[in-house]
Amino acid sequence: MSNYFPNIDKIKYEGTGSKNKLAFRHYNPSEVVNGKTMKEHMRFAMAYWHTLTQDGSDPFGAAVNERTWLAADKMETAKNRVEANFELLTKLDIDYFCFHDLDIAPEGDSLQEFYSNLDEIVELIEGKMKSTGTKLLWNTANMFTNKRYVNGAASSPNADVFAYSAAQVKKGLDIGKKLGAENYVFWGGREGYETLLNTDMALEQDNIARLFKMAVAYAKEIGHKVQFLIEPKPKEPSKHQYDFDAATTMAFLYKYGLQNDFKLNLEANHATLAGHTFEHELRVARSYNALGSIDANQGDLLLGWDTDEFPTDLYSCVLTMYEILENGGLAPGGINFDSKVRRSSFGMDDLFLAHIAGMDTMARAFKIAVKLKEDKFFDNLVKERYKSYTTGIGADIVAGKADLKSLTEYALKNDKVVNESSHIEYIKSVLNDYL
């Protein structure tokens, strides 16, 4: 095992009374809740890109992160990152990790060199996975950073770019099978348009669907039994991205007959950018039986971009975990911390402190959500609000026994409509009691 964090031992649960900043206060991996351990429920994952490759730079400032695995040679850095990744996973007691192909290996000067670099690093990763028992939650292809993707990947007007994209996806699926990935994610970082003045929207979306279908067919061909996921995002970098939100993405999947092949990987900060709450996006996905996995983070409502902060908003996280409970969990998906430390949190130990904060928050939120479910808090509210549809004319509407004539006859006799107050403020105050 490497030693990039020599002064940090394995993080342990010490309870809420602990003053040790390098300890869990709420997340107890071995605690049994609803017949399973917290570790089994949470299925935490570490994001390779934000944890190991993000340097702390932003549009207005240079890199600030202190990272001791950086070397002059790109492949040496890549190898060092493998060591650091598994040291972090082991010491944080996180079972899963996720990566883009470009996160783990440099592209080099050709596709063939990229393949070679990936093969070398994947061999190292495979060995580390076997020795540590950690697993790959999902992998994906970075089809947005290189300048070839200036106009998108599958949606590019350049067929050569489409072909290159397909080559990256094929390699990603080969890697996923080799490493036992449980999911494969498509994130359309530039699958959108800047202007409709020169865009064939129909062709672009047709081509995206063609690539998805090729991926599904190839996975079956090689025997890679993986759950495919799409991660919606409304903007940034494209002015208008085709997978704007959960509802838009589901419409796309149904249009192209892909609804049985894909579920959604939803991110809290992407929901914010779409003008939604995270629980809204989760509920939409659940209504289609398409909630597959989540990227746990949060945005800053005062900033208009993807800040990818570690989740610490307990209120939002409770509603998130309630939706996951209602979904019956996320497996084979999980809770991936697609989160990065703040620019001022540039130290090596901040990688631990940030993950501890996120893991404690999500674990605390989960236990509150379990209590809400046990008490049928939301179930009772909904049952009371919609009780008019359980008897009389409401029951007839639901059963399909009513038509416009019968409803008109009923309304003429009952035209003095009386609504009941929802008492929203009181409901929110009681919810606060659970928190």
Side-chain angles (χ1 to χ4, degrees), residues 47 49-50 54 57-60 98 100 138 140 142-145 149-155 185-196 199 201 204-205 208 229-253 262-288 290-321 323-324 333 335-343 354 358 361-362:
W49 52 101
H50 283 325
Q54 195 265 135
S57 60
D58 65 22
F60 306 99
C98 309
H100 304 75
W138 55 257
T140 186
N142 179 326
M143 299 187 294
F144 48 88
T145 296
Y149 296 122
V150 63
N151 293 310
S155 64
V185 172
F186 280 95
W187 178 61
R190 296 190 187 275
E191 305 292 44
Y193 63 79
E194 288 183 288
T195 175
L196 282 175
T199 297
M201 182 187 289
E204 291 194 359
Q205 295 198 55
I208 294 172
L229 301 168
I230 296 178
E231 182 171 333
K233 185 178 182 181
K235 51 191 173 183
E236 190 195 278
S238 297
K239 175 181 178 180
H240 185 98
Q241 290 181 211
Y242 294 132
D243 50 0
F244 183 89
D245 60 5
T248 306
T249 305
M250 291 310 303
F252 174 92
L253 292 175
F262 284 83
K263 290 192 175 184
L264 303 187
N265 181 62
L266 296 171
E267 179 180 316
N269 206 165
H270 292 179
T272 303
L273 293 176
H276 303 311
T277 61
F278 194 27
E279 60 267 24
H280 166 86
E281 289 291 87
L282 297 169
R283 183 71 62 86
V284 170
R286 275 210 305 114
S287 71
Y288 286 98
L291 176 53
S293 195
I294 70 166
D295 279 358
N297 60 23
Q298 66 188 38
D300 190 322
L301 296 179
L302 300 180
L303 298 174
W305 63 84
D306 207 359
T307 55
D308 287 334
E309 301 175 22
F310 275 84
T312 54
D313 182 342
L314 185 60
Y315 188 95
S316 175
C317 289
V318 167
L319 298 180
T320 294
M321 295 310 300
E323 294 294 331
I324 292 173
I335 299 175
N336 171 47
F337 288 109
D338 187 359
S339 312
K340 59 188 175 187
V341 293
R342 299 302 86 201
R343 194 164 184 266
T361 301
M362 298 305 290

Next item on the list: With sequence neighbours excluded, tell me which residues meet side chain to side chain contact (heavy atoms under 4.5 Å, CB included) with S238.
Entry: R190, Q241

Which value, rounded to the nearest 0.5 Å, describes the distance between [X] atom [atom1] and [Y] atom [atom2]?
{"X": "F310", "Y": "D338", "atom1": "CZ", "atom2": "CG", "answer": "9.5 Å"}
{"X": "D306", "Y": "D300", "atom1": "CG", "atom2": "CG", "answer": "12.0 Å"}
{"X": "M250", "Y": "K263", "atom1": "CE", "atom2": "NZ", "answer": "10.0 Å"}
{"X": "L273", "Y": "F244", "atom1": "CG", "atom2": "CZ", "answer": "9.0 Å"}
{"X": "E309", "Y": "L303", "atom1": "CD", "atom2": "CG", "answer": "7.5 Å"}
{"X": "S339", "Y": "E267", "atom1": "OG", "atom2": "CD", "answer": "8.0 Å"}

Next item on the list: Report the residue from L264, L266, V284 that forms a side chain to side chain contact (heavy atoms under 4.5 Å, CB included) with T249.
Entry: L264

Check: Would you call the rings of H100 and W49 parallel, tilted or perpendicular if under 30° counts as parallel and over 60° as perpendicular?
Finding: perpendicular

Pairwise side-chain contact, [X] with [Y], heavy-atom cut-off 4.5 Å (strictly under):
{"X": "S316", "Y": "P311", "result": "no"}
{"X": "F252", "Y": "I208", "result": "yes"}
{"X": "D295", "Y": "H270", "result": "no"}
{"X": "Y242", "Y": "M201", "result": "yes"}
{"X": "N265", "Y": "W138", "result": "yes"}
{"X": "T195", "Y": "K239", "result": "no"}
{"X": "Q298", "Y": "T272", "result": "no"}

Residues forming a side-chain hydrogen bond (donor to acceptor under 3.5 Å, both in side chains) with [X], sequence neighbours excluded:
{"X": "E236", "result": "K233"}
{"X": "D243", "result": "none"}
{"X": "H280", "result": "none"}

Next item on the list: Could I get the full list of salt bridge (charged side-chain N to carboxylate O under 4.0 Å, His left out) partners for R343, not counting sequence neighbours?
Entry: D58

Checklist line | Set of residues satisfying salt bridge (charged side-chain N to carboxylate O under 4.0 Å, His left out) with respect to R283, sequence neighbours excluded | finding: E323

Next item on the list: Give the C-alpha distance, both sets of side-chain angles, the deciding distance and a yes or no for side-chain contact (heavy atoms from CB on, under 4.5 Å) between E204 and N151.
Entry: CA-CA 11 Å; E204 291 194 359; N151 293 310; over 6 Å; no

I need the minimum non-hydrogen distance between [X] and [Y], along with the two atoms involved.
{"X": "A47", "Y": "N336", "value": "N-OD1, 3.4 Å"}
{"X": "E279", "Y": "L319", "value": "OE2-CD1, 3.3 Å"}
{"X": "F262", "Y": "F186", "value": "CE2-CD1, 3.8 Å"}
{"X": "M362", "Y": "C317", "value": "SD-SG, 3.5 Å"}
{"X": "G189", "Y": "F144", "value": "CA-CB, 4.1 Å"}
{"X": "L291", "Y": "R286", "value": "CD2-CG, 3.8 Å"}

Checklist line | Flag, side chain of E281 to backbone of D245, donor-acceptor distance under 3.5 Å | finding: no

Margin query: Whether the side chain of N269 engages the backbone of D308 through a donor-acceptor N/O pair (distance < 3.5 Å, no angle test) should be reported.
Written below: yes

Next item on the list: Give the intermediate values and the outcome of side-chain contact (heavy atoms from CB on, under 4.5 Å) for residues I294 and I324.
Entry: CA-CA 9 Å; I294 70 166; I324 292 173; 3.8 Å; yes

